[in-house]
There are 2 protein chains.
Amino acid sequence: MSERRPQRADAKRNLDALVEAAKSCFAESGVDAPTRTIAEAAGVGVGTLYRHFPQRSDLVTAVFRHEVDACADAAPVLAEELEPDEALVTWLRRYTDFLGTKKGLGKALHSGDPAFDALPNYFVDRLVPALTSLLTTAEAAGSIRPGVNAKELLYAVASLSAPVDSENSAPGTDMVGLLIDGLRYAPQR
Amino acid sequence: MSERRPQRADAKRNLDALVEAAKSCFAESGVDAPTRTIAEAAGVGVGTLYRHFPQRSDLVTAVFRHEVDACADAAPVLAEELEPDEALVTWLRRYTDFLGTKKGLGKALHSGDPAFDALPNYFVDRLVPALTSLLTTAEAAGSIRPGVNAKELLYAVASLSAPVDSENSAPGTDMVGLLIDGLRYAPQR
DNA sequence: GATCTAAACGGAACGTCATTCCGCTACTAT
DNA sequence: ATAGTAGCGGAATGACGTTCCGTTTAGATC
């Protein structure tokens, strides 16, 4: 049960390089980017890729988790650097960036492949607490209306960021911006 | 612009056999069934398959259209054979069967592949008129409540037929049945 | 620093697909 | 019956994911 010799330094380096390379390749060519291409971009052989990620899908989930983590971890940092409401708004923008990044990744998620079943939960488990703390702080400071539910806001922003099928809304209307303003505008009671 | 020599009889026969074989293979192994397998099941070579359907996706769309057509064409037949309300109910059951058939096919539809962009419209264009005529007849006969919108009913039944993620509703409750009963129960005014 | 050993590595090789190509087959008009 | 051509079959190609194994090398020991 104890970790034997921890891990060789080059192995760790290669693993990081692989995740990074995969992130780039997925962003550039979609989640279907060939493993060979990713290995090459990371400067390793395919054998190395497959030792770290026995299945292609393992690499996909690793990238997903990595990006979710990065997004979640940004929350405390912003909370420390900015005023409560600015931290919140900046984080929501950061979150929409994250959503935009994973274009094809969303397709993979709902592809029915059981390899990805755990990801939606991971998404919620990591991001809801992050957003909740920002909301709580901002609410306590009186910067936003009270009673906003983190999970619902997460989903609302996600669906507003989703590409509209064709010409639903005027292209250029910043729906997320409207939503954020809505947060700030406390309802007269 | 005119059709040259119409088409050779064996070609037509092979094309039908291919669509039929593909339907079986898709039902049995999902939409990812290999072209070789489909060609073999149809008793033809892969070359023949590719002459008729230059891309794999062309075969998928052909099967989809074929099944939509079969479903739509059933409406007038039922209308002639049965009482208005029975025709309607029977057709709705037929429609749910169709929905069940294309398990994996739905995944393909929303896979983002532009080859399938036209299919949702085809679905609506074929099925809405079919259902509308049944609804109109039944409504005129006073068998169902008036004012039911065909497109909405189509979507409602589809979403009720969709597999529930986990344990939403009691497994065994026939939601579509409830809906149909709802049609018959005219609201007291 | 030299030596040793197992962790890691790289990339050729394999199996499975979709798709292409082209010499042969067999409809159909004459 | 014959010719001309639409249509056919299936080997070949190329792109993948994944496996295998001989070689390299980090890092522990002396």
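To find a chain, count down the sequence lines: A is the first, B the second, and so on, and within it residues start at 1.
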Distance check needed: C:dG23 P versus B:Arg51 CZ, whole Å only. 15 Å
Over how many whole Å does the gap from A:Asp58 atom CG to D:dT19 atom P extend? 11 Å
Looking only at the side chain of A:Asp10 (C-beta and beyond, no hydrogens), which of the listed nucleotides D:dT19, D:dA26, C:dG10 gets closest? D:dA26
Nucleotide of D:dA11, D:dT18, D:dG7 approaching A:Arg36 most closely (side-chain heavy atoms): D:dT18
Indicate whether the side chain of A:Tyr50 and that of A:Asp58 have a donor and an acceptor atom separated by less than 3.5 Å. no
Show me the pairs that pass salt bridge (Lys or Arg N to Asp or Glu O under 4.0 Å) and involve residues 13-27 of chain B, at least two apart or across chains. B:Lys12-B:Asp16, B:Glu20-B:Lys23
By nearest nucleotide on DNA chain C, pick out whichever of A:Lys12 and B:Pro54 is the more 5' one. A:Lys12
Assuming nearest nucleotide by heavy-atom distance, tell me which of B:Gln55 and A:Asn14 is located more 5' along DNA chain C. A:Asn14
Below 3.5 Å, does any donor atom in the side chain of A:Arg8 face an acceptor in the base of D:dG27, or the other way round? no
Does atom CD of B:Glu139 have more than 12 heavy-atom neighbours from other groups under 6.0 Å away? yes
How is B:Ala9 classified with respect to the nucleic acid when contacts are heavy atoms under 4.0 Å: base, sugar-phosphate, or nothing? sugar-phosphate
Under 4.0 angstrom, heavy atoms only, what part of the nucleic acid is A:Arg56 near: base, sugar-phosphate, or nothing? sugar-phosphate
Quick check against the 3.5 Å criterion: does B:Thr101 have a side-chain atom that pairs as donor or acceptor with the backbone of B:Asp97? yes
